[in-house]
Amino acid sequence: MGRDYAFTTSDVLVIALAFALFVLIRQATRSRKAPLPPGPPGLPILGNAFDIPKEQAWIPFRDLSSKYGDVIALSALGRTLIVLSSVEAAVDLLDKRSAIYSDRADSVLVEMIGWTWNLAFKRYGDDWRRVRRLFWQHFQPNAVGQYQAVQQRDVRDLLRRLLNAPADLDDEMKLTLTKTILNAVHGLPKDSVTHRYVDILTASEAGIAEAFTPGAFLVEFLPWLRHVPPWVPGAGWQRKVREWRGQSDAIREEPFEAAMEAINCGDSEPSMLTELLEKASEDGLDEDAIKDTTAVAFGGQHPLSFASHHNRTIVSIPKPARTPYANRLTDNAQVGHSTHAPSQTAATVHAFILAMILHPSAQQRAQSELAAAVGPDRLPVHADRTSLPYVDATVKDILRWHNVVPLGVAHRCIREDEYHGWRIPEGAIVMPNAWAILHDPEVFPEPDVFRPERFLGEDGKPRSDVLDPGSVAFGFGRRICPGQHFAEDALFIAIASLLHVFDFSHALDEQGKPIPVEAKMTSGFLSYVEDFKYSIRPRSSAAEALIKGEPVVA
Ligand code: HEM
């Protein structure tokens with residue numbers, strides 16, 4: 001009989017010493033090779049562990065880049081972190097050399113939490129390739145056009161709901177995007193998509209943020225800790241992991257189960273799921289592959305970052321008792337609603353509203369353009385985009401001014417490489433500082449100012465000589481966001497429709513004075529603008545009639 005699986009203090013000490021020795025030997029071997037990119041000097045063994053910022057890391061990283069250059073290296077606990085702060089360096093490494101820069105960091109927690117289905121977490125290899133290819137077939141530029149009608153319909157529903165409950169825009173925006181995704185991907189009828197799905201995403205987002213706060217979980221460095229049962233003093237984190245596992249399972253299972261029930265009840269609409277099911281035997285797809293691919297569209301856009309940090313409250317998601325499909329249609333009372341956007345797209349729309357309040361002249365110019373190009377008798381459609389260059393530039397400057405994934409998603413280098421005479425070690429975590437690139441004053445003069453005009457020439461037409469923020473905000477190389485074209489369509493139609501019929505302005509206090517707002521970003525690998533108060537009202541009675549679908553009287 002072997003002894004019980006329990007670790008004594010001396011076990012832990014021996015392992016820690018062995019690890020320290022390993023790091024020292026590695027450091028000594030490395031010193032004979034090409035140097036790492038420049039960076040702040042570190043402590044022995046611990047390296048730059050104390051230099052890796054936790055709050056709004058993109059700003060201190062940008063400051064380090066101003067001192068050391070656009071490629072900097074930091075080392076912590078045996079890992080090397082490379083931060084890229086120019087578009088040239090990001091494209092050179094993550095894009096042009098994507099054959100070796102497309103892996104993700106290994107993580108014991110990803111496995112424990114059950115996030116292995118999530119494309120964003122998958123290691124670079126055949127499994128990632130298979131799911132990405134399936135996903136891409138339905139989200140590539142030629143395919144996303146099929147979702148535009150659903151996006152328009154859901155945004156028009158949003159406008160109607162806002163007319164009745166204008167204070168709930170953020171919440172309603174999250175629901176709108178979730179409805180569109182679950183309809184396009186799972187074929188769920190729009191009325192069956194309730195706030196529960198939004199809450200599932202929001203809870204998992206908070207869980208991911210806590211799980212991947214650097215250094216927060218020792219198990220990432222000492223993988224054997226995963227075997228310590230939760231009742232052992234100090235192993236309470238195992239309970240959190242169990243909770244997060246439930247959230248991850250909910251994302252993968254719940255919409256899928258509801259979709260299968262809808263199909264069986266003859267209530268489902270044509271979708272990515274129905275297409276995958278039709279082609280399953282021809283393409284050799286099993287249920288797991290189909291579940292993974294559909295789950296990626298719903299919940300896979302919350303990816304792992306080396307320096308993630310978040311301070312949101314975790315919402316617990318009790319699974320509802322199994323009820324017949326028809327009874328679930330109005331089931332939205334299972335959990336409390338979060339006040340935060342569930343996805344990058346909704347967070348971007350939230351930032352757009354702030355920009356409109358801070359820059360009323362931009363709002364007016366976009367509205368004048370809409371009035372001229374679309375007119376008072378109808379709402380905008382995607383096809384209007386080419387005749388709305390200012391609205392299009394507004395979308396671009398929102399992605400730049402407040403990019404919601406400021407440090408991108410970290411890639412991992414799978415083979416030692418050399419760049420400008422510096423060594424990029426095998427296993428290095430490589431992170432594009434997207435915020436620094438999009439706030440570089442050389443590229444975007446007065447970068448902190450929201451100004452769509454920067455993308456337009458004097459004739460009001462789009463300039464081709466200004467960097468498109470979309471080429472940075474959605475990442476790089478083989479891991480580039482596969483939802484980019486869908487997200488850009490969703491942002492355009494939401495922003496154009498909101499501006500066409502609503503005015504956004506400061507909320508007033510009890511004395512009738514405007515309540516000041518400030519553009520502040522939250523910390524975390526998904527960054528939001530901090531909550532603010534605002535007023536939203538229909539632009540005119542004609543706009544109100546348009547929203548309600550009534551005849552417009554000029
Ligand atoms: C404004 C909206 C969005 C932004 C700014 C955004 C940004 C990003 C970024 C920066 C990455 C990492 C790319 C890299 O590793 O270099 C990413 C990955 C990903 N995004 Fe998005 N995204 C958005 C919307 C969406 C949507 C709507 C979907 C799904 C329909 C989606 C699905 C994904 C997936 C599956 C990945 C992981 C790809 C992989 O690792 O291979 N994203 N996104």
Side-chain angles (χ1 to χ4, degrees), residues 58 84 90-91 93-95 98 101-105 110 115 117-125 127-136 138-140 143-144 147 151 173-174 176-178 180-186 201 251 272 292-306 308 341-352 395-396 398-412 429-435 437-438 469-492 494-495 525-528:
W58 47 94
L84 310 173
V91 169
L93 297 183
L94 304 182
D95 195 2
S98 62
Y101 284 92
S102 294
D103 197 12
R104 297 283 194 224
V110 163
W115 272 113
W117 59 262
N118 188 333
L119 189 66
F121 290 112
K122 279 190 194 291
R123 303 297 301 269
Y124 185 58
D127 188 30
W128 168 79
R129 238 175 247 112
R130 183 185 63 137
V131 177
R132 175 130 185 154
R133 197 176 323 121
L134 282 177
F135 186 86
W136 185 238
H138 296 86
F139 281 85
Q140 56 166 304
V144 291
Y147 308 125
Q151 286 176 336
M173 190 67 226
K174 296 172 214 166
T176 300
L177 291 161
T178 305
T180 306
I181 290 265
L182 290 184
N183 184 271
V185 173
H186 291 78
L201 284 183
I251 289 179
M272 175 173 161
D292 284 1
T293 312
T294 49
V296 162
F298 172 48
Q301 71 265 43
H302 302 299
L304 168 65
S305 167
F306 187 88
S308 60
S343 73
Q344 294 92 318
T345 319
T348 307
V349 174
H350 196 211
F352 150 77
V395 176
K396 283 197 173 106
I398 283 295
L399 283 168
R400 184 202 66 79
W401 182 65
H402 180 87
N403 71 313
V404 294
V405 198
L407 284 172
V409 179
H411 293 217
R412 179 178 175 277
I429 301 298
V430 185
M431 186 184 278
N433 188 346
W435 181 87
I437 296 171
L438 295 173
S471 67
V472 176
F474 291 96
F476 298 90
R478 296 184 192 182
R479 302 297 295 231
I480 194 170
C481 173
Q484 172 174 4
H485 305 288
F486 178 91
E488 285 180 339
D489 274 358
L491 286 173
F492 169 77
I495 286 175
F525 84 87
L526 277 192
S527 177
Y528 302 76

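Both counts, for ligands and for their atoms, begin at 1 and track the order of listing.
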Query raised in the report: Side-chain contact, heavy-atom cut-off 4.5 Å: Arg479 with Val409?
Result: no
Requested in this report: Pull out every atom of ligand 1 sitting under 4.0 Å from any heavy atom of Trp128, numbered as shown with elements.
Outcome: 39 (C), 41 (O)
Report summary line: Rounding to 0.5 Å, atoms NZ (Lys174) and OG1 (Thr345) come to a distance of 13.5 Å
**Report entry** Backbone or side-chain N or O of His411 under 3.5 Å from ligand 1 N or O
**Finding:** yes
Query raised in the report: Side chain of Gln151, backbone of Phe486: donor and acceptor closer than 3.5 Å?
Result: yes
Query raised in the report: With side chains defined as the heavy atoms from C-beta onward, is the minimum distance between Ser527 and Trp58 less than 4.5 Å?
Result: yes
Report task. Check whether any N or O atom of Phe476, backbone or side chain, sits under 3.5 Å from an N or O atom of ligand 1, and answer yes or no. Result -> yes
Report summary line: The atoms of ligand 1 lying under 4.0 Å from a heavy atom of Ala473, numbered in the order shown, are 5 (C), 7 (C), 10 (C)
Report task. Look only at interatomic distance and state if Arg479 has a nitrogen or oxygen under 3.5 Å from any nitrogen or oxygen of ligand 1. Result -> yes
Query raised in the report: Is any side-chain heavy atom of Asn433 less than 4.5 Å from a side-chain heavy atom of Leu407?
Result: yes
Report summary line: Near Val296 (heavy-atom distance under 4.0 Å), the atoms of ligand 1 are 35 (C)
Report summary line: Under 4.0 Å between heavy atoms, the region of Thr348 that gets near ligand 1 turns out to be side chain
Query raised in the report: Should Leu94 and Pro432 count as side-chain neighbours, where that means a heavy-atom distance under 4.5 Å?
Result: yes
Requested in this report: Answer with side chain, backbone, both or neither: which part of Arg478 has a heavy atom less than 4.0 angstrom from an atom of ligand 1?
Outcome: neither
Report task. Supply the atom-to-atom distance Leu201 CG to Phe298 CZ, rounded to the nearest 0.5 angstrom. Result -> 4.0 Å
Requested in this report: Please verify whether a non-hydrogen atom of Ile181 lies at under 4.0 Å from ligand 1.
Outcome: yes
Requested in this report: Kindly assign one of parallel, tilted or perpendicular to the pair His485 and Trp136, based on the angle between their ring planes and the thresholds 30° and 60°.
Outcome: tilted
Query raised in the report: Does the side chain of Ile398 come within less than 4.5 Å of Leu491's, by heavy atoms?
Result: no
Requested in this report: For Phe139, counting its heavy atoms only, list the atoms of ligand 1 lying under 4.0 Å from any of them.
Outcome: 30 (C)
Query raised in the report: Is the closest N or O pair between Arg132 and ligand 1 shorter than 3.5 Å?
Result: yes
Report task. Compute the minimum heavy-atom distance from Arg104 to ligand 1 and say whether it is under 4.0 Å. Result -> yes
Report task. Show which atoms of ligand 1 fall inside a sub-4.0 Å distance from at least one heavy-atom site of Val409. Result -> 11 (C), 12 (C), 15 (O)
**Report entry** Element-labelled atoms of ligand 1 that are located less than 4.0 Å from some non-hydrogen atom of Pro482
**Finding:** 19 (C), 20 (N), 33 (C), 34 (C), 35 (C), 36 (C), 38 (C)
**Report entry** Within 45° cone of Phe135 ring axis and under 6.0 Å: Arg130 NZ or CZ
**Finding:** no
Query raised in the report: Given that the side chain starts at C-beta and the backbone is N, CA, C, O, which of these parts of Phe474 lies under 4.0 Å from ligand 1, counting heavy atoms, or is it both or neither?
Result: both
